[in-house]
Amino acid sequence: MKEEVDKLSTIRFIKDVDYPTWLANVVMVHKPRKGWRMCVDYTNLNRACPKDSFPLPRIDQLVDATAGHTLLSFIDAHSGYNQIFMHPEDQGHTSFITDRGLYCYKVMSFGLKNARVTYQRLVNSIFTPLIGNTMEVYVGDWVMRKVSLATKNPTEGTLGPTWEGPYEVTKVCRPGAYHLRDPKGKTLPHL
């Protein structure tokens, strides 16, 4: 837990808090490949918060939308939730206790009731011109689609027209979390 708190403090995702309105416990969860993950139990806070009814996309419709495309690029947005800053007045509600003190999140934390729909709403607003045309989005998982390869070299020009504009996707994607596959399932070189 000490390493996780130090990491979150260093990257300024959390800060010390003195008199929180809400206080949650930390639960350490074992990850199959990478040791332990610190999770905050927001059960009580989530009970008190109203549900945001913004609709998440239906998986079956997203799968159908990609059918027939010869080139799909799968992108996993890295720590997407943590790119949304909490309103300063709401930061104290995300407080949690550790053996080293009390902290609260300055960015949206995993486990908050409306985190997924808030992130989906943000991504929809950013990629509005692309969603339904060349892109499908489900929270932090994005699929870019092309009907055919633009060049013989699979790493040149295939997604160029799609990514033109103010999008800097490489800054939000974990290295190696996005890849291209040809219609036969062969993984192509990373972008």
Checklist entry - With distance as the sole test, does Asn114 use its side chain to make a donor-acceptor pair with the main-chain N or O of Pro50 at under 3.5 Å? => result yes
Checklist entry - Would Arg37 and Met28 satisfy side-chain contact (heavy atoms from CB on, under 4.5 Å), going step by step from the backbone distance to the final call? => result CA-CA 6 Å; Arg37 169 180 282 167; Met28 296 303 292; over 6 Å; no
Checklist entry - Is the backbone N or O of Tyr105 less than 3.5 Å from a side-chain atom of Thr94, with the two atoms forming a donor-acceptor pair by type? => result yes
Item to check | Centroid separation Phe96 to Tyr42 less than 6.0 Å | outcome: no
Item to check | Distance (rounded to the nearest 0.5 Å) between Phe110 CZ and Met38 CE | outcome: 12.0 Å
Next on the checklist: Would you compute the distance between atom NZ of Lys15 and atom OG of Ser95 and round it to the nearest 0.5 angstrom?
Outcome noted: 9.0 Å
Next on the checklist: We want to know whether Asn124 and Arg121 form a side-chain donor-acceptor pair, criterion being a heavy-atom distance below 3.5 angstrom.
Outcome noted: no
Next on the checklist: Once you measure the plane-to-plane angle for His30 and Trp36, does it fall in the parallel (<30°), tilted (30-60°) or perpendicular (>60°) bin?
Outcome noted: perpendicular
Checklist entry - Does one hydrophobic cluster hold both Ile126 and Ile84, with members joined at side-chain heavy-atom distances below 4.5 Å? => result yes
Item to check | Same apolar cluster: Val123 and Ile59, side chain cutoff 4.5 Å | outcome: yes
Next on the checklist: I'd like to know whether Tyr103 forms a side-chain contact (heavy atoms from CB on, under 4.5 Å) with Leu8, so could you lay out the CA-CA distance, the side-chain angles of the two residues, the decisive distance to 0.1 Å, and finally the verdict.
Outcome noted: CA-CA 10 Å; Tyr103 300 92; Leu8 293 171; over 6 Å; no
Next on the checklist: If we ignore hydrogens and angles and just use 3.5 Å, is the side chain of Asn25 paired with the main-chain N or O of Asp41 as donor and acceptor?
Outcome noted: no
Next on the checklist: Does Asp18 form a side-chain contact (heavy atoms from CB on, under 4.5 Å) with Leu102? I'd like the steps, not just the answer.
Outcome noted: CA-CA 7 Å; Asp18 293 323; Leu102 304 175; over 6 Å; no
Checklist entry - So do Glu136 and Phe127 actually touch side chain to side chain, heavy atoms under 4.5 Å? => result no
Next on the checklist: A side-chain contact here means heavy atoms from C-beta on lying under 4.5 Å apart; do Met135 and Met144 qualify?
Outcome noted: yes
Next on the checklist: Please report the interatomic distance CG(Asp52) to CZ(Arg116), rounded to the nearest 0.5 Å.
Outcome noted: 12.5 Å
Checklist entry - Between CD of Glu4 and SG of Cys39, what distance do you get to the nearest 0.5 Å? => result 9.0 Å
Next on the checklist: Is there a path of hydrophobic side-chain contacts, each under 4.5 Å between heavy atoms of I/L/V/M/F/W/Y residues, joining Phe13 to Leu112?
Outcome noted: yes
Checklist entry - Thinking salt bridges, do Arg58 and Asp64 make one under a 4.0 Å N-O criterion? => result no
Item to check | Cluster check Ile14, Ile11: I/L/V/M/F/W/Y, side chain < 4.5 angstrom | outcome: yes
Next on the checklist: Ignoring hydrogens, what is the shortest heavy-atom contact between Pro57 and Leu62? Give both atom names and the distance.
Outcome noted: CB-CD1, 3.8 Å
Checklist entry - Are there more than 12 heavy atoms of other residues, nucleotides or ligands under 6.0 Å from atom CZ of Arg100? => result yes
Item to check | Check against side-chain contact (heavy atoms from CB on, under 4.5 Å), Phe54 and Gln120 | outcome: CA-CA 9 Å; Phe54 186 82; Gln120 183 72 43; 3.9 Å; yes
Next on the checklist: Quick check on Lys31: does its NZ atom have over 12 non-hydrogen neighbours (other residues, nucleotides or ligands) under 6.0 Å away?
Outcome noted: yes
Next on the checklist: Hydrophobic clustering (ILVMFWY, side-chain heavy atoms < 4.5 Å, transitive) - are Ile97 and Leu45 grouped together?
Outcome noted: no
Checklist entry - Under 6.0 Å from the CD atom of Glu89, do we count more than 12 heavy atoms belonging to anything else shown? => result no
